[in-house]
Amino acid sequence: MQNSPHSARLAAISLAVFWLLYLHPYHGIRHDSVLYLGQALLVREPQQFAQDLFFSYGSQSQYTFFPELVAWLLNYFRPAEIFLTLTLIALSAFTAASFALLRTLFIAEQRFYALLAVLILPAGYGGHLIFSYAEPFFSGRSIAEPLVLATLTAWLVNRRWLAAICWLLAASIHPLQALAIPMLAFGVLVWQDKRWWHLLWLAIPIVGLGFWGIVPFNQLVIRHDPWWHNQIAELTPQVFISSWQYEAWGYWLTDIFLGWLVIQRATGRLQSVMRGAIIATVLGMLATLVLADFFGLVLPTGLQLWRTQWLLHWLAMASVPWLLIMQWRSDYSFSPRLALLLAIVVYGVPLGAIAPSPLAILAMIPLYLVWPRLMVTVSPWLVRTLRGFAWLTLVLGLAKYAQGVWMIYARMEGVREAVRPEFMLASYPLVAGILIYLGLIAWERVRYLRIVLVAVLLLALTHTVDVWDRRSKWTNYIESAQYSPNLFGVSLEPGVQVFWEDELLASWIILNRPSFVNSQQAAGIAFNRGTAVEVVRRQKMFDIFYMQKQICSLLNNLNSNNACSVDDQQINTLCANGAGPDYLVLTDRLQTAPQGTWSIMGGSKGDRQINYYLYRCTDFFTHSEE
């Protein structure tokens, strides 16, 4: 965006902020942000939460000061305000840190396009599409990622003290994300001088200290027993890379391939950093496969060294515009290789269940590599056929994705609160790329349209800012009811265990009491066997409960009523012998009278009344003589 520097700068900033906010809408305290809020609540009120299932056997919070930071903020602000504000600040910091690093890696003409690629291309990495960078919610990763990028920037410009400070801050907030830096640095060093490989010999005395039982090295040689290992694989399958689905391996291979292309064509810092990132990622994957998947060692499993992929993925996505421009300049046209490279990017990035299969890259990558030889060894007819196939692949991928968007929209009966088809289509890399490309063509060739383009961008940005907070009615009810332990009209005893059906945040943030069991509380089972044992025990207690819920849901839908509900006797079984929760919050009205009721609006349209009933376990106790 050259010429007319002021208008170009305004347009560039508006475009970047638009894509940042449009593709990262805020949906409230969800995903891992719930767990991080819980850690802060534990710091603030240990007498209430120390016996919560997520904390009772220890948690990862002992390795970070993030909970203390949020706990301090809770003294002055409400959780909903804190997490919304810090999510926006974290996304802005990530964008600024990304651009700062891109300034050191790319020439001036390429930096802005690299930033757009980071903001637009899917950020997911690892197995089961659980993790991504620049997540639209607040967690320890939200702070650590900009600090890691700042560390790398400072290192590249030889400001080593600043790099050390940034890395120490990142490691003190989220050690797992920060590990990418020393592993990348090791990769750079061993490429420059193979003697650095000898550093790995240090593992022998360290492991030896572990076998001798010397703390903390003893943690290196403690193994999961088979039962514990199986539970981790079942409840948190992303931890073991051998349990990743084939799509995740396709995305990983795409990152490696794009990184390899960069190494072949780049020089200087970009080439060196990409080499380090690939070596770090491969080493992290191999270490995880051997130490965690095969040997089942507790500490290496918890370290999740495969997470080094996040930095490789960031670099690969940032390099996409540069790679495409280099390909364009090499071929001087919309060549088949350009189409194949575009297709590899589109098919090889995580876009969800309706995306084209990433397995297609297994054919595209070899075809891309052999194309120059193919041009001179096969008939012109076959070359034209393959050229048509390359471009048709892009069209078919977009058509499949658009069909999936339409099916989801139709399934949700056109409820825009539940699904926005234009958002889903705009998040498709090919669509976003075409829109930006057409805008750039119009900007360069039709100068009198520049004011119109800037005005349109500003209007789009204003609208995006206005709707960035996309919390549903249900979420707003939950978050606005924070710190209301008497919400149901009764005073709950301190420290009582509450089972809130399919909800963790509500137990913590509204009732301010420990949660008896929720699937999110299984996040720490790789670190503590006691957590795994208790999570499995409590989940099995509710197997019949959820089976009855499913049957009743089916019957009520068929009969268009809510006559079927969970059986009181089943609740009595859950509460008996003092092994169950003290209170239950259910959406079923049972024969036993509830202690209180709370009604809110929810559903896909926000127009369905949801009733929550608070039951006390002792009200269900029956005696054998009865």
Side-chain angles (χ1 to χ4, degrees), residues 31-32 60 122-133 141 175-177 179-180 183-184 186-187 200 203 207 210 219-260 277-313 316 347-353 355 357-362 365 519-520 522-529 531-533 535-536 539:
H31 204 281
D32 280 0
Q60 302 96 304
Y125 62 92
H128 303 276
L129 295 181
I130 291 176
F131 296 105
S132 63
Y133 52 74
R141 295 189 294 273
L176 303 187
Q177 296 300 97
L179 276 174
M183 294 185 68
L184 183 148
F186 179 74
L200 295 179
V207 172
Q219 297 294 317
L220 286 169
V221 296
I222 298 176
R223 299 183 62 183
H224 300 120
D225 59 69
W227 179 88
W228 188 8
H229 188 94
N230 291 336
Q231 296 307 316
I232 297 172
E234 180 178 347
L235 297 175
T236 55
Q238 74 278 3
V239 171
F240 298 124
I241 63 174
S242 58
S243 66
W244 286 8
Q245 70 279 51
Y246 69 85
E247 291 92 347
W249 288 106
Y251 306 143
W252 184 84
L253 179 60
T254 300
D255 286 345
I256 295 292
F257 173 71
L258 294 176
W260 177 81
I278 289 181
I279 292 173
T281 301
V282 172
L283 286 178
M285 298 291 280
L286 288 174
T288 300
L289 184 63
V290 174
L291 302 177
D293 292 53
F294 184 74
F295 286 108
L297 299 177
V298 175
L299 184 57
T301 299
L303 289 175
Q304 300 175 51
L305 296 175
W306 55 266
R307 287 203 193 191
T308 50
Q309 187 194 351
W310 87 264
L311 200 49
L312 171 64
H313 185 62
Y347 279 70
V349 293
L351 281 166
S357 173
L359 288 184
I361 66 169
L362 297 179
I365 290 177
S519 59
Q520 283 187 282
I525 67 170
F527 299 89
N528 302 287
R529 191 180 192 280
T531 302
V533 171
V535 164
V536 172
Q539 286 185 339

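Values below: every heavy atom of this structure, side chains too, minus hydrogens, waters and symmetry copies.
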(Q) With a 3.5 Å distance limit and no angle check, can you tell me whether Asn528 reaches the backbone of Thr531 through a side-chain donor-acceptor pair? (A) no
Q | Point-to-point distance, once rounded to the nearest 0.5 Å, from CG of Leu305 to CD1 of Ile241 | A | 10.0 Å
Q. Going by heavy atoms in the side chains, are Phe295 and Val290 under 4.5 Å from each other?
A. yes
Q.
As an exercise, state the distance from CD of Gln539 to OG of Ser519, rounded to the nearest 0.5 Å.
A. 7.0 Å
Q. Could you give the distance from OG1 (Thr308) to CG (Leu179), rounded to the nearest 0.5 Å?
A. 9.0 Å
Q) Can you tell me if His224 uses its side chain to pair, donor with acceptor, with the backbone of Asn230 under 3.5 Å? A) no
Q) Donor-acceptor pair, Gln245 side chain versus His128 backbone, under 3.5 Å? A) yes
(Q) Between Phe131 and Asp32, is there a side-chain heavy-atom distance shorter than 4.5 Å? (A) yes
(Q) Just to verify, which of Trp252, Trp244, Trp249 counts as forming a ring pair (Phe, Tyr, Trp, His ring centres under 6.0 Å) with Trp306? (A) Trp244
Q) Rounded to the nearest 0.5 Å, what separation is found between the OH atom of Tyr246 and the CG atom of Leu253? A) 14.5 Å
Q: Measure the spacing between CZ of Arg307 and OH of Tyr133 and express it to the nearest 0.5 Å.
A: 15.5 Å
Q: Could you check if a side-chain atom of Leu200 sits within less than 4.5 angstrom of a side-chain atom of Phe186, using non-hydrogen atoms only?
A: yes
Q: Determine whether Gln304 and Thr288 make a side-chain contact, defined as any pair of heavy atoms from C-beta on separated by less than 4.5 Å.
A: no
Q. Do Arg529 and Trp227 have side chains that get closer than 4.5 Å, going by heavy atoms?
A. yes
Q: Any chance you could measure Gln238, atom CD, to Ile130, atom CD1, to the nearest 0.5 Å?
A: 3.5 Å
Q: Measure centre to centre between the rings of Phe240 and His229, then say whether the value is under 6.0 Å.
A: yes
Q. Does a side-chain heavy-atom distance below 4.5 Å link Val239 with Thr236?
A. yes
**Q.** Side-chain heavy-atom pair Val221, Leu299 within 4.5 angstrom cut-off
**A.** no
